[in-house]
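Working notes, beginning with the structure itself.
Residue numbers start at 1 and run along the sequence shown. Below, each value reflects all heavy atoms present in this structure, side chains not excepted, and no hydrogens, waters or symmetry copies.
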Amino acid sequence: MKTYKQYCPIARTSEILAERWTPLIVRNLMFGLDTFTDLSRGVPAMSRSMLIKRLDQLERANIITKTEKDNGHGHRYELTDAGRDLTGIILQMAEWGDRWVEITAEHSDPGVALWFWAQVQMSDLGLPVERTVVAFSFPDQPPSNRHYWFLCDDSEIEMCYSDPGGPIDLHVTAESLAFVNWHYGTLEWTQAVNDGRIIVSGNRELARALPTWNTHAPVLAR
């Protein structure tokens, strides 16, 4: 980790927190995501080697701890007291971004929005008990980022990166920017549907319930 060679606490903190990707890794840990796979899916544009490097730097800086999984395969990551103390800084960054930075097409990765929805913004009310599959398509995305699925079973949601099989109960086709703006809470679902920017086909009752599954507010880990 490079140093600014200054005693100033802003400089010393920046040596750790101002590295590219680092605030997003801390953000994901704040949400309770503790495996390498979950952390990497929260930063899909980040290379595996860079994530390994950043996690190593954070561990050496005493921001996170790493423990071996019970099955011996891989590790779990957790914020230390110093890492948890960064929560206020990360939340203030979020508030500043809300106030001053516009969401554009460049910020509109629907896969990330779906991942956040499934991981930390999924309502625990009204989810189907029986096996239910919702397919999402984003025609304006490259093929590798165009198709995702929600698999719901026994009132629990899993985000799938390949077709889980079985019948599709609901199909959502959307413009990426519209979907991200709805997910973020700045666009009404009904408005996006009426404008044709989100198209829903399939079970009508499920179509009405789907937007209510999103809390639009991530829940921090306790």
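Note: the hydrophobic cluster containing Leu151 does not contain Trp213 (ILVMFWY, side chain heavy atoms under 4.5 Å, direct or indirect links). Linking Ile, Leu, Val, Met, Phe, Trp and Tyr residues whenever their side-chain heavy atoms come within less than 4.5 Å leaves Val193 and Ile199 in two separate clusters. When hydrophobic clusters are built by joining Ile, Leu, Val, Met, Phe, Trp and Tyr residues whose side-chain heavy atoms come closer than 4.5 Å, directly or via intermediates, Leu91 is grouped together with Phe116. Under a hydrophobic-cluster definition in which Ile, Leu, Val, Met, Phe, Trp and Tyr are linked whenever side-chain heavy atoms come within less than 4.5 Å, directly or via other members, Ile63 and Leu29 are assigned to the same cluster. In the hydrophobic cluster analysis, where Ile, Leu, Val, Met, Phe, Trp and Tyr join through side-chain heavy atoms closer than 4.5 angstrom, Trp149 is grouped apart from Val200.
Under the 4.5 Å side-chain criterion, counting only non-hydrogen atoms from C-beta, Thr212 is not in contact with Ser123. Gln6 is not listed as a side-chain neighbour of Glu15, based on a closest heavy-atom distance of 4.5 Å or more. Residues Leu177 and Ile103 meet the side-chain proximity criterion, which asks for heavy atoms closer than 4.5 Å. Residues Trp21 and Ser47 form no side-chain contact, since every pair of their non-hydrogen atoms from C-beta on lies 4.5 Å or further apart. Taking 4.5 Å as the limit, some side-chain heavy atom of Ser14 sits within range of a side-chain heavy atom of Tyr4. In this structure, Val134 and Cys152 have side chains that are not in contact, with every pair of non-hydrogen atoms separated by 4.5 Å or more. Residues Met50 and Arg20 form no side-chain contact, since every pair of their non-hydrogen atoms from C-beta on lies 4.5 Å or further apart. Side-chain contact between Leu127 and Met122 is present, with at least one heavy-atom pair separated by less than 4.5 Å.
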I'd like a table of donor-acceptor pairs (distance under 3.5 Å, sequence neighbours excluded) in which one partner is a side-chain atom from residues 32-40, with atom names and distances.
from	atom 1	to	atom 2	distance (Å)
Asp34	OD1	Arg76	NH1	3.1
Asp34	OD2	Arg76	NH1	3.3
Thr35	OG1	Asp38	N	3.1
Thr35	OG1	Asp38	OD2	3.4
Ser40	OG	Phe36	O	3.2
Ser40	OG	Thr37	O	2.8

Which donor-acceptor pairs under 3.5 Å do the side chains of residues 183-190 make with protein atoms, sequence neighbours left out?
from	atom 1	to	atom 2	distance (Å)
His183	ND1	Asn214	ND2	3.1
Tyr184	OH	Asp98	OD1	2.1
Thr186	OG1	Asn181	O	3.1
Thr186	OG1	Asn181	OD1	3.3

Sequence neighbours left out, cut at 3.5 Å: what donor-acceptor pairs do the side chains of residues 156-172 make with other protein atoms?
from	atom 1	to	atom 2	distance (Å)
Asp163	OD1	Gly165	N	2.8
Asp169	OD2	Val133	N	2.8
His171	NE2	Ser137	OG	2.8

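Taking both residues in full, the closest heavy atoms of Ser108 and Ser176 are given as O-CB, 3.5 Å, listed atom of the first, atom of the second, then distance. Heavy-atom minimum distance, Ala113 versus Val180: CB-CG2, 4.2 Å.
The CZ atom of Arg84 sits 6.5 Å away from the CG atom of Leu79 when rounded to the nearest 0.5 Å. The line from CZ of Arg48 to CE of Met46 is 12.0 Å long, rounded to the nearest 0.5 Å. Rounded to the nearest 0.5 Å, atoms CD (Gln92) and CG (Leu86) are 11.5 Å apart. The OG1 atom of Thr13 lies 6.5 Å from the CD1 atom of Ile89; values are rounded to the nearest 0.5 Å. One distance of note links OG1 of Thr80 with CD of Glu59; it measures 10.5 Å at 0.5 Å rounding. To the nearest 0.5 angstrom, His73 atom NE2 is 9.0 Å from Glu68 atom CD.
Every pair passing salt bridge (charged side-chain N to carboxylate O under 4.0 Å, His left out) that includes a residue from residues 172-181 is listed here, sequence neighbours excluded: Glu175-Arg197. Residues in residues 101-123 take part in no salt bridge (charged side-chain N to carboxylate O under 4.0 Å, His left out) pair, two or more places apart or across chains. Within the structure, salt bridge (charged side-chain N to carboxylate O under 4.0 Å, His left out) contacts touching residues 136-151 (residues at least two apart or in different chains) do not occur. Listed by first and then second residue, the salt bridge (charged side-chain N to carboxylate O under 4.0 Å, His left out) pairs that reach into residues 116-129 come to none, sequence neighbours excluded.
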Handout entry: Worked check of side-chain contact (heavy atoms from CB on, under 4.5 Å) between Arg12 and Thr3
Key = CA-CA 8 Å; Arg12 287 183 282 128; Thr3 175; over 6 Å; no

Handout entry: side-chain contact (heavy atoms from CB on, under 4.5 Å) between His75 and Leu55, worked out
Key = CA-CA 11 Å; His75 297 87; Leu55 288 171; over 6 Å; no

Exercise for the section: Report the C-alpha distance between Leu210 and Leu206 in whole Å, list the side-chain angles of each, state the deciding distance to 0.1 Å, and finish with yes or no for side-chain contact (heavy atoms from CB on, under 4.5 Å). Expected result: CA-CA 6 Å; Leu210 178 66; Leu206 187 60; 5.6 Å; no

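Using a 4.5 Å cut-off between side-chain heavy atoms of Ile, Leu, Val, Met, Phe, Trp and Tyr, Trp96 falls into a hydrophobic cluster with Trp100, Val101.
The number of heavy atoms from other shown groups lying within 6.0 Å of CG (Asn194) is above 12. By the neighbour-count criterion of 12 heavy atoms within 6.0 Å, atom NZ of Lys53 is sparsely surrounded, having that number or fewer from other residues, nucleotides or ligands.
Every salt bridge (charged side-chain N to carboxylate O under 4.0 Å, His left out) that Asp56 has, sequence neighbours left out, goes to Arg60. Taking Glu95 as the reference, nothing meets the side-chain contact (heavy atoms from CB on, under 4.5 Å) condition, with sequence neighbours excluded. Arg27 meets the salt bridge (charged side-chain N to carboxylate O under 4.0 Å, His left out) test with no other residue; sequence neighbours excluded. Take Thr104 and apply the side-chain hydrogen bond (donor to acceptor under 3.5 Å, both in side chains) test, not counting sequence neighbours, and it matches His107.
Aromatic pair Phe150/Trp117: ring centres closer than 6.0 Å.
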